[in-house]
2 protein chains.
Amino acid sequence: MSPRDAEATKKRILEAAVAEFAQHGFSGARIDRVASAANANKSLIYTYYGSKDQLFDAVLEAAIGDLHESVPFTPDDLPAFGARLFDFLVAHPVEIRIDAWRRLERPTNTTLEQQMFAEKIAALDAIGSTAADGTSSADLLVMVLAVSWAWATVPEALGALASAEIDLRRKQVVRSIEVLCEADFTASLNEHA
Amino acid sequence: MSPRDAEATKKRILEAAVAEFAQHGFSGARIDRVASAANANKSLIYTYYGSKDQLFDAVLEAAIGDLHESVPFTPDDLPAFGARLFDFLVAHPVEIRIDAWRRLERPTNTTLEQQMFAEKIAALDAIGSTAADGTSSADLLVMVLAVSWAWATVPEALGALASAEIDLRRKQVVRSIEVLCEADFTASLNEHA
DNA sequence: AGGATCAAACTAACTAGTTGGTTAAACTTG
DNA sequence: CAAGTTTAACCAACTAGTTAGTTTGATCCT
């Protein structure tokens with residue numbers, strides 16, 4: 001711990017805020033808890049970050065940026081992308097919760113994220129042949145993300161009953177994306193009306 | 001509206017609570033807002049439901065029960081199950097949020113839910129041949145749910161860029177589950193290390 | 001019938017504790 | 001000293017939960 005170092009204090013506050021918001025969300029988070037966890041005074045949070053809202057936004061931006069930067073997108077190899085995303089989520093459970101809170105409490109905080117997704121979709125469109133016709137590349141990306149996130153968003157009640165081994169889960173994710181990419185979406189076999 | 005009817009008042013309170021908790025979660029919900037939305041006095045909430053916590057639990061139980069009852073499970077036709085689940089989520093966006101809040105704020109409220117999942121897994125195991133080897137039926141269920149929920153959990157930033165038509169999304173979900181059920185999980189084509 | 005009685009349903013006002021945010025003073029270092 | 005950094009004390013607004021009292025409708029008694 002280094003007192004009298006504004007930059008270090010700012011960083012400590014942000015890290016404590018990430019943990020606090022990940023656990024309790026925006027409404028449940030307490031500024032005093034952030035301050036004491038960061039070994040910083042409460043008022044420093046306001047001098048450095050302005051308000052609880054802005055601190056939350058800073059946390060969200062850091063988390064989203066971290067996720068998109070740490071998991072490079074390979075439009076020509078979506079199973080590998082899914083594997084990287086899966087690995088990242090396993091290694092960073094905090095980001096899973098942050099993202100869930102964001103969807104609920106900041107559904108329209110999308111400036112940065114929309115750009116990230118637009119890039120990925122553009123990359124997919126540039127290749128073109130990845131998915132069969134009948135669905136846009138954005139639709140394919142939705143499914144790939146859903147499968148990659150599957151084990152991160154599964155209710156604990158179900159996760160407790162399933163395979164606990166990471167390797168098995170990972171292989172299942174990769175294989176699922178493989179078959180989704182190879183599948184033909186032009187015609188549905190049955191209608192399931 | 002019928003005053004002096006305890007049962008009706010209790011119901012109004014629960015309905016208002018569902019809306020309030022769906023929008024704000026547990027920490028963000030305000031008992032006073034529930035009271036005024038239900039056209040009931042605040043203290044009635046405490047006489048009928050005990051506490052904010054118990055009211056939240058009542059809301060969760062109602063929502064979970066509603067979901068599992070409204071979407072019958074057909075272990076021999078998972079694509080149809082996925083279609084029903086998809087339709088239910090489209091028709092009941094409130095339940096989507098309630099479920100998301102539950103995962104974050106009541107991760108261990110699993111008594112009822114664990115039983116629901118156990119039944120589904122047992123039904124899948126009884127059939128046995130549904131999925132290929134290499135994954136348990138619980139693992140398969142995780143993927144089926146992830147795909148069915150895909151459009152409900154997709155970040156708004158991505159959903160805005162994808163196909164907006166429900167029919168298209170539905171067909172994609174059904175087809176995805178089809179190929180997942182037909183797929184062979186014994187061997188992974190590439191390792192994606 | 002019609003007034004007295006009673007329990008359940010309901011209400012307004014209040015309490016005790018919490019929370020985001022502020023401020024003025026104090027400390028540290030160049 | 002002077003600018004930047006840190007702190008403790010403080011405040012106004014809010015919030016879950018309580019309480020003392022009122023209204024209502026049904027039941028009973030004559």
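Per chain, numbering begins at 1; letters A, B, ... match sequence-line order.
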**Report entry** Contacting residues from residues 44-58 of chain A, given that a heavy atom lies under 4.0 angstrom of DNA chain C
**Finding:** A/Y46, A/S51, A/K52
Query raised in the report: Would you say the side chain of B/K42 and the base of D/dA16 hold a donor-acceptor pair, judged only by whether the two atoms sit under 3.5 Å apart?
Result: yes
Requested in this report: For the residue pair A/H68 and A/F117, categorise the inter-ring angle as parallel (less than 30°), tilted (30 to 60°) or perpendicular (more than 60°).
Outcome: perpendicular
Query raised in the report: Which word best sums up how the rings of A/F21 and A/F56 line up, parallel for under 30°, tilted for 30 to 60°, or perpendicular for over 60°?
Result: tilted
Query raised in the report: Passes side chain to side chain donor-acceptor pair (under 3.5 Å), A/S148 versus A/R84? Steps please.
Result: CA-CA 9 Å; A/S148 304; A/R84 281 193 297 273; over 6 Å; no
Query raised in the report: Is NZ or CZ of B/R106 both nearer than 6.0 Å to the six-membered ring centre of B/F26 and within 45° of the ring axis?
Result: yes
Query raised in the report: Going by modelled atom types, is there a donor-acceptor pair between the base of C/dA12 and the side chain of B/N41 at under 3.5 Å?
Result: yes
Query raised in the report: Which residue pairs pass the salt bridge (Lys or Arg N to Asp or Glu O under 4.0 Å) test with at least one member in residues 21-31 of chain A, sequence neighbours excluded?
Result: none
Report task. Describe the nucleic acid contact of A/A35 in one word from base, sugar-phosphate, nothing, applying a heavy-atom distance below 4.0 Å. Result -> nothing
**Report entry** Spacing between B/N39 atom CG and C/dA9 atom P, to the nearest angstrom
**Finding:** 18 Å
Report summary line: Rounded to whole Å, the CG-C1' distance (A/D32 to D/dC11) equals 14 Å
Report summary line: In whole angstroms, the gap separating P of C/dG21 from CD1 of A/I13 amounts to 14 Å
**Report entry** Distance-only donor-acceptor test (3.5 Å): side chain A/S43, base D/dT7
**Finding:** yes
Query raised in the report: Got a salt bridge between A/D99 and A/R102, using NZ or NE/NH1/NH2 to carboxylate O under 4.0 Å?
Result: yes
Report summary line: In whole angstroms, the gap separating C1' of C/dT22 from CD1 of A/I31 amounts to 14 Å
Report task. May I ask you to verify if any side-chain N or O of B/R30 is less than 4.0 angstrom from the OP1 or OP2 atom of D/dC14? Result -> no
